[in-house]
> 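Provided herewith is a single structure, encoded as structure tokens, for subsequent inquiry.
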Amino acid sequence: MKIATFNVNGITSRLPRLLEWLEEAKPDIACLQELKTSDETFPRLEIEAAGYSAIWHGQKGFNGVAVLARDGGGLAERRRGLPGDPDDTHSRYLEASAHGVIVAAIYLPNGNPQPGPKFAYKLAWFARLIEHAASLVASSEPVLLIGDYNVVATDGKGDIYNAASWKKDALLQPESREAYRRLLAQGWTDAIHALHEGKPIYTFWDYFRDRFSRDAGLRIDHLLLNAPARARLREAGVDRAVRGREKPSDHAPTWVVLD
DNA sequence: ATGTCGGCAAAATGCCGA
């Protein structure tokens, strides 16, 4: 069973790339981020025609997450939005069950510029995620928290091509990294890290300055697995070629294969 | 500071978010 996450950076303009990737990669479950479209304008018919059921939490102009399940898979929504702040209007969290597993599509706030209110929001949102994740990690069912975490875990080459040029970015700040470590410490496994530690496996390449052709990337899309999911983990990878196509997202699909 | 995108308000570009 293949489970993937893909920050599409606008599902409307990315629809050809998304449908093409679904057709060739055939993930059983795909979590999408940055839909950048309202609930009413989500391309439901096109997704269904590709063989997927979907639930989505849209927002006009930015954010937005979705869970897609191939051939239905008994897709059922469990939660939209994180608990802990009724005033939070951002569409960044969608939790569902399908194909016998629980998945959450996560779009963690970017947090730039830092310091500032956007960085404070990032850390507050992260704290709410950690609080909620504590209730999921001990599940006897496989659980996967997957998406764009907007965190580069370390300065190592496995995580970023050149940390120095991103030193002041919100993605590399000690507070962002500490929150990510606290989440992992609950008992989650970072799948790419577990199977490919130290290797430069990036998931995002900025549109600026020809970063993809230089492989000047960052690993910020993460798949976190609880123990029952970890026990079934066989492969993990990134569909890099998708980033090199016409009118691509700045992220590539990132995935795991479970038994 | 800069570079490039997607999407918005609004009708061409300028702004925001990334």
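So you know, we letter chains A, B, ... as the sequences are listed, proteins then strands, and number each from 1. Keep in mind that this is a model prediction, so the values were computed, not measured.
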> Can you check the distance between B/dT13 and B/dA1, where both ends of the measurement are the P atom (answer in whole Å)?
27 Å
> Could you go through residues 46-53 of chain A and list every donor-acceptor pair under 3.5 Å that involves a side-chain atom there, pairing it with any protein atom two or more places apart or in another chain?
{"residue": "A/Glu48", "atom": "OE1", "partner": "A/Arg44", "partner atom": "NH1", "Å": "3.3"}
{"residue": "A/Glu48", "atom": "OE2", "partner": "A/Arg44", "partner atom": "NH1", "Å": "3.3"}
{"residue": "A/Tyr52", "atom": "OH", "partner": "A/Pro27", "partner atom": "O", "Å": "2.7"}

> Does a side-chain N-to-carboxylate-O contact under 4.0 Å join A/Arg219 and A/Asp159?
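Salt bridge flag = yes for A/Asp159 with A/Arg219.
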> Taking B/dA10 as the reference, what is the distance to B/dC15 when you measure between their C1' atoms (whole Å, please)?
12 Å
> Between P on B/dT2 and CH2 on A/Trp166, what's the gap in Å once rounded to a whole number?
17 Å
> Between B/dG17 and B/dA12, how many Å separate the two P atoms, rounded to a whole number?
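Rounded to whole Å, the distance is 25 Å.
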> What residues from residues 152-164 of chain A pass a heavy-atom cutoff of under 4.0 Å to DNA chain B?
none
> Might you work through the side-chain hydrogen bond (donor to acceptor under 3.5 Å, both in side chains) test for A/Asp239 and A/Trp21, ending with a clear yes or no?
CA-CA 9 Å; A/Asp239 291 334; A/Trp21 169 72; 2.8 Å; yes
> So if I take every side-chain heavy atom of A/Lys60 and compare against B/dG6, B/dA1, B/dA9, which nucleotide ends up nearest?
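Within the option list, the nearest is B/dA9.
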> Return no unless some side-chain N or O of A/Ser13 is found under 4.0 Å from OP1 or OP2 of B/dG7.
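So the side chain of A/Ser13 is within the cut-off, an N or O lying under 4.0 Å from OP1 or OP2 of B/dG7.
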> Can you name the closest pair of heavy atoms from A/Ala4 and A/Trp255 and give their distance?
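Minimum heavy-atom separation between A/Ala4 and A/Trp255: CB-CB, 3.8 Å.
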> Is a side-chain donor or acceptor of A/Arg17 paired with a backbone partner of A/Ile11 at a separation under 3.5 angstrom?
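Side chain of A/Arg17 to backbone of A/Ile11, a donor-acceptor pair under 3.5 Å: no, none is there.
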> Mark yes or no for whether A/Arg79, through its side chain, and A/Gly81, through its backbone, hold a donor-acceptor pair below 3.5 Å.
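Yes; at least one donor-acceptor contact below 3.5 Å.
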> Report the relative orientation of the aromatic rings in A/Phe126 and A/Tyr149; use parallel for angles under 30°, tilted for 30 to 60°, perpendicular for over 60°.
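Tilted.
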> Is there a side-chain polar atom (N or O) of A/Arg14 under 4.0 Å from OP1 or OP2 of B/dG6?
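Yes, such a contact exists.
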> Can you tell me the distance, in whole Å, between the CH2 atom of A/Trp205 and the P atom of B/dC5?
16 Å
> Of A/Pro248 and A/Arg209, whose closest DNA chain B nucleotide lies nearer the 5' terminus?
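The residue whose closest nucleotide sits nearer the 5' end is A/Arg209.
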> What is the distance, rounded to the nearest whole Å, between atom NZ of A/Lys168 and atom C1' of B/dA1?
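After rounding, the reported distance stands at 12 Å.
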> Once you measure the plane-to-plane angle for A/Tyr93 and A/His132, does it fall in the parallel (<30°), tilted (30-60°) or perpendicular (>60°) bin?
perpendicular
> Is any NZ, NE, NH1 or NH2 atom of the basic residue among A/Asp259 and A/Arg234 found under 4.0 Å from an Asp or Glu carboxylate oxygen of the other?
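Looking at A/Asp259 and A/Arg234, the cut-off is met.
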> With heavy atoms under 4.0 Å as the rule, sort A/Thr12 into base, sugar-phosphate or nothing.
sugar-phosphate
> For nucleotides 12-18 of chain B, print each protein N/O atom paired with a nucleotide N/O atom at under 3.5 Å, atom names and distance only.
{"residue": "B/dG17", "atom": "OP2", "partner": "A/Lys118", "partner atom": "NZ", "Å": "2.9"}
{"residue": "B/dG17", "atom": "O5'", "partner": "A/Lys118", "partner atom": "NZ", "Å": "3.4"}

